[in-house]
Amino acid sequence: MNIIITGASSGVGFEAVLELILSGKHKVMALARSQDKLTRLLEIAKGLNPDCEIFAIAFDIVHDDYAGLQQFITANFDGRVDVLVNNAGVLINKPFADLKEMDFVEMLQSNYIGHVRIIQSLLQFMGDGSHILNIGSMGGFQGSAKFNGLSAYSASKAALHTLTECLAQEFVEQGIKVNCLALGSAQTEMLEQAFPGYESPVMAFEMGKYIADFAVTGHRFFNGKVLPVAVSTP
Ligand SMILES: NC(=O)c1ccc[n+]([C@@H]2O[C@H](COP(=O)([O-])OP(=O)(O)OC[C@H]3O[C@@H](n4cnc5c(N)ncnc54)[C@H](OP(=O)(O)O)[C@@H]3O)[C@@H](O)[C@H]2O)c1
């Protein structure tokens with residue numbers, strides 16, 4: 001499969017890429033803003049599977065121009081994307097009273113509009129049998145426990161959850177499946193920012209493996225679903 005994953009420079013996205021390259025069955029394009037961290041990912045991936053086909057590209061889903069990415073897909077992915085994992089995300093932890101309007105803008109841009117942009121840009125490369133997997137959060141899952149300081153972040157994730165359900169319906173004719181994993185905690189830099197000192201029972205590599213597996217198989221069983229992936233709260 002030809003797979004694109006955003007937010008691949010750290011955390012669960014980094015680990016998901018390492019899982020995806022192991023089998024040698026997939027071509028993987030790993031996107032994030034930090035070139036140095038992507039270079040490290042590339043080195044580790046090649047160490048694990050010297051024959052793996054991986055492109056690690058510095059790309060900002062919010063601000064960069066998609067024309068270059070589209071050309072790259074045409075040239076290196078034969079113009080076909082089978083799986084798009086929208087995993088990139090940013091978190092602001094601040095009491096609601098202290099949040100500025102720009103904080104809300106940043107959360108919406110990074111956790112929602114950026115994903116809208118990449119989906120719109122790559123739609124032309126996706127067709128029957130392809131899968132868009134959005135990475136949401138239990139924080140944005142209706143009826144879940146909520147936590148102080150995470151209102152802007154959680155609301156932006158809720159927008160992504162609803163977008164998932166809407167697009168699954170809108171893409172029925174093209175045969176593109178759209179799902180969302182609303183993650184509970186996994187031990188990453190972002191978790192430390194959200195819940196300083198908390199230790200998750202789930203390691204980043206475990207969640208990364210789950211995301212990788214679901215990205216390539218989940219659309220055979222689910223469409224338009226926002227699935228909670230949590231054994232604990234937070
Ligand atoms: N860990 C958890 O407990 C947890 C719980 C619920 C949901 N999630 C979700 O899981 C996803 C991964 O989070 P994580 O915990 O693995 O955190 P992380 O280690 O901070 O990873 C976030 C990734 O997103 C990338 N990113 C941020 N903005 C970007 C942009 N504009 N363009 C491209 N890449 C961008 C970051 O790389 P650069 O800075 O290099 O761009 C980084 O690779 C996020 O969507 C997060 O909301 C995580």
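For ligands, and for the atoms within them, numbers begin at 1 and follow the listed sequence.
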Fill in: Test item: N2 side-chain N/O and R80 main-chain N/O as donor-acceptor pair under 3.5 Å
yes
Worksheet item: Between CD of E170 and CG of L163, what distance do you get to the nearest 0.5 Å?
Response: 9.0 Å
Fill in: Side-chain heavy-atom pair L69, F59 within 4.5 angstrom cut-off
yes
Discussion item. Can a side-chain donor-acceptor contact be found between K37 and T39 if the only test is distance below 3.5 angstrom?
Written reply: no
Item to complete: Examine F214 together with F222 and report whether their ring centres are nearer than 6.0 Å.
Response: yes
Fill in: Exam field: side chain H131 to backbone A215, donor-acceptor pair closer than 3.5 Å
yes
Worksheet entry | Within the protein, residues bringing a heavy atom under 4.0 Å of ligand 1, chain by chain | G7, A8, S9, S10, G11, V12, A32, R33, S34, F59, D60, I61, V62, N87, A88, G89, V90, I135, G136, S137, Y153, K157, L183, G184, S185, A186, T188, M190, L191
